[in-house]
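Okay, so here's the structure we're looking at.
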Number of protein chains: 2
Amino acid sequence: MDAIDRSLVELLRGNARLSYAELARQVGLSAPAVHERVGKLESGGVIRAYRAEVEPESIGLGVTALIGIVEDSDADTDDVLEAFRQMPEIESCYFMAGVESFLLKARVGTIAELEQLIVRLNRTPGVASTRTGIALSTKWENRPQPIEPVTS
Amino acid sequence: MDAIDRSLVELLRGNARLSYAELARQVGLSAPAVHERVGKLESGGVIRAYRAEVEPESIGLGVTALIGIVEDSDADTDDVLEAFRQMPEIESCYFMAGVESFLLKARVGTIAELEQLIVRLNRTPGVASTRTGIALSTKWENRPQPIEPVTS
DNA sequence: ACACTCCGTGGACGCCATCGACCGGAGCCT
DNA sequence: AGGCTCCGGTCGATGGCGTCCACGGAGTGT
């Protein structure tokens with residue numbers, strides 16, 4: 001993970017569809033060298049995936065909610081997690097410090113669907129209570145921040 | 001935005017680096033047809049960007065926090081937003097219903113940096129108070145959910 | 001029926017991805 | 001020091017891909 005690798009990661013975070021040839025020009029290596037480096041970043045787990053970022057409304061997901069979860073004192077956290085994993089509406093899941101063990105980011109089409117999701121969450125074994133906040137608008141999301149040149 | 005467009009969006013959400021030729025095979029069209037459709041999805045704002053998803057720890061961003069912001073009663077929301085926009089640590093920014101006007105997802109390298117960020121947030125004109133939750137671990141993030149075949 | 005538009009196909013051509021061969025420097029053993 | 005090995009790069013070749021363009025059929029309004 002040297003300076004060139006960091007440049008490659010930064011370039012691909014900005015535009016995942018850059019060709020190897022273009023990446024090579026940007027970092028001053030040959031295309032095969034870049035190909036190999038990127039391959040290692042992928043198999044080494046640094047690059048997890050390449051995703052198109054889509055306007056949620058246009059795929060029928062206009063409602064974004066952030067939901068805090070309080071667990072029962074005797075809950076099995078792994079089971080709760082597994083239940084959440086089965087709910088495709090939950091796009092992100094953080095295990096948090098604090099009273100609320102989890103914070104979920106969920107996306108649904110309508111408020112009615114959100115209601116159903118919350119009911120399902122509250123019914124989930126191990127879940128004591130939920131607290132839902134609705135995002136009225138998303139100002140930005142997953143903005144990549146420039147990589148600080150830390151020598152590691 | 002027909003069924004084929006939805007397939008293309010779904011394929012690219014799963015893997016943004018698929019070639020046009022491969023997309024074409026998957027949806028049963030020719031490569032130029034796919035090229036044109038994807039171009040229209042991009043310029044029409046449906047596809048906003050293509051990003052590599054990176055393991056945050058490996059780029060020195062091991063600490064994730066979710067921060068709720070309460071505004072002063074006389075705050076100018078646009079100014080507050082603009083101040084947030086200047087802080088690269090803030091990866092996502094949602095305008096929320098409820099007492100906390102904003103919910104921010106921030107990523108920093110260390111707890112010390114988080115402390116500095118919180119201080120800066122509290123000093124920001126228009127910000128009355130902040131409430132920070134620390135993510136101990138990220139179970140998953142930005143998992144794409146399958147597109148429901150809504151006819152719109 | 002005609003013309004127009006939209007959206008696709010097929011062909012062509014230059015660039016790109018990817019493989020294999022080669023090469024030079026770093027580290028190490030003798 | 002000399003030489004071995006390994007790592008990681010360049011170079012060259014080739015098959016596939018991206019992308020432009022000309023063409024054609026379905027649907028539509030006049």
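No experiment lies behind these values; they were computed from the predicted model shown. Atoms considered below: every heavy atom in the structure, side chains included; atoms not considered: hydrogens, waters and symmetry mates. Below, chains carry the letters A, B, ... as their sequence lines are ordered, and counting in each starts from 1.
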Residues A/Glu141, A/Arg107: salt bridge by 4.0 Å N-O rule: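 A/Arg107 and A/Glu141: salt-bridged.
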Under a 4.0 Å threshold between the charged nitrogen and the carboxylate oxygen, would A/Glu100 count as salt-bridged to B/Arg131?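 A/Glu100 and B/Arg131: not salt-bridged.
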Nearest nucleotide by nearest heavy atom, which residue falls closer to the 5' end of DNA chain C, B/Ile4 or A/Pro32?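 Upstream on the strand: B/Ile4.
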More than 12 heavy atoms of other residues, nucleotides or ligands under 6.0 Å from CD of B/Glu22: yes or no?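 Atom CD in B/Glu22 is crowded, with more than 12 foreign heavy atoms closer than 6.0 Å.
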Atom NE2 of B/His35 to atom P of D/dT19: distance rounded to whole Å?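 Between P of D/dT19 and NE2 of B/His35: 4 Å.
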Could you state the atom-to-atom distance from NZ of A/Lys40 to P of D/dG9 in whole Å?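 From A/Lys40 NZ to D/dG9 P: 7 Å.
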Is the distance from OP1 or OP2 of D/dC17 to the nearest side-chain N or O of B/Arg25 less than 4.0 Å?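 True: B/Arg25 side-chain N/O within range (under 4.0 Å) of D/dC17 OP1/OP2.
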DNA chain C: 5'-most and 3'-most nucleotides touching chain A, 4.0 angstrom heavy-atom criterion: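 Contact boundaries, 5' end first: C/dC16 to C/dC19.
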Which part of the nucleic acid, if any, lies within contact of B/Ser19, taking any heavy atom under 4.0 Å across all strands shown: a base, the sugar-phosphate backbone alone, or nothing?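 The residue B/Ser19 makes sugar-phosphate contact but no base contact.
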Look only at the side chain of B/Arg17 and the backbone of A/Leu18, and say whether a donor-acceptor pair between them is shorter than 3.5 Å.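 Looks like yes, one N/O pair under 3.5 Å.
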Backbone N/O of A/Ala16 and side chain of A/Arg51: donor-acceptor pair under 3.5 Å: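 Checking the backbone N and O of A/Ala16 against the side chain of A/Arg51, no donor-acceptor pair under 3.5 Å is found.
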Among B/Phe95, B/Tyr94, B/Phe102, whose ring-ring contact (aromatic ring centres under 6.0 Å, His included) with B/Phe84 holds?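 The single option meeting the ring-ring contact (aromatic ring centres under 6.0 Å, His included) with B/Phe84 is B/Phe102.
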